[in-house]
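Input: a single structure, listed below in structure tokens.
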Amino acid sequence: MMTRKKLMFWAVLTLGASSLVGLSLVGCEETSPTDCASGDQRVCMCEGDRTGLQLCGIGGSWGDCLCDGVDAGVDAATGADGGLPTDAGGDAGGPDGGVTNPCLSSGASHLLISEVATQPGEAEFLEIWNPGTSPVDLSDIHVSDSAVYHLISTGAAWSPGGAVPGTDFLVRFPPGTTLAAGAYLVISAGTDFYGSYASCPDFAIGDDASLCQGSAVPKMVAPTNGSLGTEEGSMLSNSREMLMLFCWDGSATTVVDVDYVTWGDSYDDLSRVDKNGVAGYAPDTPIANQSYAPSIVLANGDQSIGRCNDTETGETTTGGNGSTGHDETSEQMATTFTAQGSASPGAVNLCD
Ligand SMILES: [Ca+2]
Ligand SMILES: [Ca+2]
Ligand SMILES: [Ca+2]
Ligand SMILES: [Ca+2]
């Protein structure tokens with residue numbers, strides 16, 4: 001299914017290839033009427049047949065074309081000025097590298113993986129937290145437990161490796177999903193969420209229909225070359241695993257890391273990621289050097305692992321693959337995640 005954004009992307013690219021060159025549309029100050037939804041983005045043409053990015057503003061009007069991340073000028077029709085986007089770094093061309101990846105300037109950096117339950121199988125879930133003071137649009141936000149999640153931007157077919165790929169997943173939020181300031185969101189990966197927590201999750205992964213108190217639980221979306229997984233109750237490995245929350249706009253050649261957690265001391269190259277040597281990325285922290293969250297020990301009364309606050313202790317803030325240049329794989333997860341005696345899906349962690 002093509003999203004509205006993708007349709008626009010292709011429509012404008014097609015137009016650009018056939019008719020924009022030589023028509024004095026350098027800068028492409030868009031004067032078309034209100035035909036978009038606030039927050040939509042599309043490619044526009046800049047001088048020298050390069051592409052820029054155009055954002056739909058409040059009221060449904062396309063704003064100015066941003067070329068090299070810089071407003072190309074004042075809109076001739078409206079007199080409005082599109083302003084300058086913030087370059088969050090990470091692109092290749094100095095202050096701005098040409099087409100601005102919207103993931104680099106979104107509020108995605110304010111999202112955290114806040115709690116994970118790996119066992120028993122019926123109780124598996126992951127929780128996402130927006131600790132910021134503004135709502136965050138989750139339309140381009142993906143989550144995966146696969147160390148090769150980044151291959152989605154290359155168009156590679158889903159191939160997470162390992163013996164049982166049905167226990168791995170790469171999913172995105174349904175377009176238009178937002179997470180309010182301070183809010184939590186729960187994705188069930190188990191077989192009996194209500195039976196475990198007496199509440200319903202916000203979303204579910206896995207290929208089976210999921211009901212909670214008689215109502216269908218919305219599924220996360222499996223993008224092209226992604227997967228919902230097929231092994232509910234065995235999606236989140238008890239012993240060693242990773243979760244990467246990441247942003248991809250569906251067209252950029254690289255993805256942007258948002259938050260990451262790995263657990264288990266007996267790691268392997270499927271349970272921790274290092275994009276060292278992968279084109280377009282900075283090296284991550286070598287997997288042998290990555291700090292890791294504790295595993296749940298049921299015999300100790302553990303129900304989940306979770307964050308007690310939003311401080312990403314030890315995380316390198318520059319030169320990484322994150323949305324604001326952070327190296328998400330450098331966080332001291334042994335410090336920031338602790339075993340929780342009471343899971344709190346959808347609510348602030350008790351940190352008991
Ligand atoms: Ca498990
Ligand atoms: Ca898994
Ligand atoms: Ca982090
Ligand atoms: Ca919680």
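We count ligands from 1, going down the list as the structure has it; atoms in each ligand are counted the same way.
For the pair Asn130 (side chain) and Ser134 (backbone), a donor-acceptor distance under 3.5 Å is present.
Among the candidates Thr285, Thr317, Thr318, Asn321, the single residue satisfying the side chain to side chain donor-acceptor pair (under 3.5 Å) test with Asp327 is Thr285.
Residue contact annotation: Glu231 places no N/O/S atom under 3.0 Å from the Ca ion (ligand 2). Distance check for Gly233 against the Ca ion (ligand 1): none of its N/O/S atoms falls below 3.0 Å. When distances to the Ca ion (ligand 2) are checked against a cut-off of 3.0 Å, Met235 contributes an N, O or S atom below that limit. Coordination check, Thr167 versus the Ca ion (ligand 2): passed, since an N/O/S atom of the residue sits under 3.0 Å.
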- request: Quick one: do Met333 and Ile305 satisfy side-chain contact (heavy atoms from CB on, under 4.5 Å)? Show the steps, please.
  value: CA-CA 10 Å; Met333 289 163 271; Ile305 54 170; over 6 Å; no

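Thr338 and Gln340 are linked by a side-chain donor-acceptor pair at a separation below 3.5 angstrom, with hydrogens and angles left out of the test. Using modelled atom types, one finds a donor on one side chain and an acceptor on the other under 3.5 Å when comparing Tyr260 with Gln290. Checked by atom type, the side-chain pair Asn349/Ser344 shows a donor-acceptor distance below 3.5 Å. No side-chain donor from either of Glu232 and Thr191 sits under 3.5 Å from a side-chain acceptor of the other. For Tyr149 and Asp257, the side-chain atoms include at least one donor-acceptor pair closer than 3.5 Å.
With respect to the Ca ion (ligand 1), Glu124 has OE2 as its nearest N, O or S atom. In terms of distance to the Ca ion (ligand 2), the nearest N, O or S atom of Asp145 is named OD2. Minimum-distance N/O/S atom of Glu241 relative to the Ca ion (ligand 2): OE2. Its N, O or S atom nearest to the Ca ion (ligand 3) is what matters here, and for Glu315 that atom is OE1. For Asp259, the N/O/S atom at the shortest distance from the Ca ion (ligand 3) is named OD1. Looking only at N/O/S atoms, Glu328 comes nearest to the Ca ion (ligand 3) through OE1. For the Ca ion (ligand 3), the nearest N, O or S atom contributed by Glu312 is named OE2. Nearest to the Ca ion (ligand 3), among the N, O or S atoms that Glu331 has, is OE1.
Taking the side chain as every heavy atom from C-beta outward, Leu350 and Gln303 never approach each other to under 4.5 Å.
Expressed to the nearest 10°, the angle at the Ca ion (ligand 1) joining O in Thr118 with OD1 in Asn238 is 80°.
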